Amino acid sequence: MGSKSRRSSSQISEQSEDESQYFCFCGLQSPTRVSWTRENPGRRFHGCARYREGFNCGFFKWVDAKFSHRATEVILELIQRRHGPLPIMEDELDDANSMQVKIKGLESLVNHLKKEVSRMKIQRDIYRVLFVLMLSGLVWFVVICNFSNEKKLLSLP
């Protein structure tokens, strides 16, 4: 009857002065965190400042490149020797949270693209109307010029 601990599988780390500062879509400074999942142990990332508060904007960006398979194995072995095996629940929760973050980010992108498509459709319709007006004006000009030339031809000096 062991109890399962639900500690966070990421932590905030101190930023050095040369690291870039990121701001999430909420407008808050995005802290550098460290992932402790089985797939990305020790890998740093930026996420929404409200990560794990129930609401977050979906901002996510890796700081570090993906580690090699061997490096990941070594890190996991060192953690296991020092602290015991990582709880499986921790990985599942973090994977679900990271997927939710990705989904929210993609939903935000879809909404942005829908607005952009709508704006472009309106712009296209405006260009169509302007084209028809210009074409109508050109036809009117040609008709007036021809009518004017006909009068000159018919009149005798």
Side-chain angles (χ1 to χ4, degrees), residues 1-139 141:
M1 308 224 156
S3 65
K4 292 183 181 176
S5 74
R6 289 194 177 205
R7 54 179 196 210
S8 173
S9 60
S10 66
Q11 64 186 11
I12 298 174
S13 67
E14 294 294 319
Q15 275 188 322
S16 66
E17 291 179 21
D18 60 333
E19 283 187 42
S20 298
Q21 291 186 2
Y22 288 91
F23 292 87
C24 67
F25 302 127
C26 299
L28 302 172
Q29 186 174 354
S30 174
T32 302
R33 300 177 187 269
V34 179
S35 170
W36 291 110
T37 64
R38 290 187 196 283
E39 289 187 17
N40 295 296
R43 191 171 174 196
R44 297 175 302 161
F45 67 94
H46 290 282
C48 177
R50 295 180 178 159
Y51 181 71
R52 299 225 188 250
E53 287 182 15
F55 168 81
N56 65 64
C57 64
F59 177 77
F60 183 86
K61 179 173 180 51
W62 287 111
V63 173
D64 299 319
K66 183 136 179 86
F67 298 147
S68 70
H69 180 70
R70 178 65 183 139
T72 300
E73 285 179 351
V74 169
I75 293 169
L76 289 173
E77 286 175 19
L78 291 171
I79 292 171
Q80 187 170 356
R81 285 183 193 165
R82 181 158 178 133
H83 300 289
L86 289 173
I88 293 172
M89 183 68 112
E90 191 174 292
D91 278 349
E92 290 172 358
L93 285 174
D94 198 55
D95 289 343
N97 283 336
S98 67
M99 287 302 217
Q100 286 177 338
V101 166
K102 287 179 185 176
I103 288 170
K104 286 183 181 182
L106 290 173
E107 286 173 345
S108 173
L109 178 61
V110 166
N111 288 335
H112 172 73
L113 291 174
K114 282 181 180 178
K115 288 177 186 175
E116 186 69 18
V117 166
S118 177
R119 185 187 65 76
M120 291 174 81
K121 284 181 179 178
I122 291 169
Q123 200 173 29
R124 180 195 62 197
D125 291 343
I126 290 171
Y127 285 134
R128 282 182 179 169
V129 169
L130 288 174
F131 178 75
V132 169
L133 287 173
M134 286 175 43
L135 190 60
S136 300
L138 183 62
V139 169
F141 181 74

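Note that the structure is a prediction, hence the values are computed from the model and not measured.
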Do Arg43 and Trp62 form a cation-pi contact, if we require the NZ or CZ to be under 6.0 Å from the six-membered ring centre and within 45 degrees of the ring's axis? yes
Rounded to the nearest 0.5 Å, how far apart are [atom1] of [X] and [atom2] of [Y]?
{"X": "Gln123", "Y": "Asp125", "atom1": "CD", "atom2": "CG", "value": "10.5 Å"}
{"X": "Arg50", "Y": "Leu28", "atom1": "CZ", "atom2": "CG", "value": "5.0 Å"}
{"X": "Glu107", "Y": "Asn111", "atom1": "CD", "atom2": "CG", "value": "7.5 Å"}
{"X": "Ser136", "Y": "Phe141", "atom1": "OG", "atom2": "CZ", "value": "15.0 Å"}
{"X": "Leu133", "Y": "Leu138", "atom1": "CG", "atom2": "CG", "value": "12.5 Å"}
{"X": "Ser30", "Y": "Tyr22", "atom1": "OG", "atom2": "OH", "value": "9.5 Å"}

Min side-chain heavy-atom separation [X]-[Y] under 4.5 Å:
{"X": "Phe23", "Y": "Phe59", "answer": "no"}
{"X": "Thr72", "Y": "Glu39", "answer": "no"}
{"X": "Val132", "Y": "Leu135", "answer": "no"}
{"X": "Cys48", "Y": "Cys26", "answer": "yes"}
{"X": "Lys121", "Y": "Val117", "answer": "yes"}

For Gln29 against Ala49, the heavy-atom pair lying closest together: O-CB, 3.6 Å
Over all heavy atoms of both residues, which pair between Phe45 and Val34 is shortest? Give the atoms and the distance, please. CE2-C, 3.9 Å
Does Lys61 have any side chain to side chain donor-acceptor pair (under 3.5 Å) partners at least two apart in sequence or in another chain, and if so, which? none
Dump the intermediate steps for side chain to side chain contact (heavy atoms under 4.5 Å, CB included) on Trp36 and Ile79, then the final yes or no. CA-CA 10 Å; Trp36 291 110; Ile79 292 171; 3.5 Å; yes
Return each pair, listed once, that meets salt bridge (charged side-chain N to carboxylate O under 4.0 Å, His left out) where at least one residue sits in residues 66-76; pairs must be two or more places apart or across chains. Arg70-Glu73
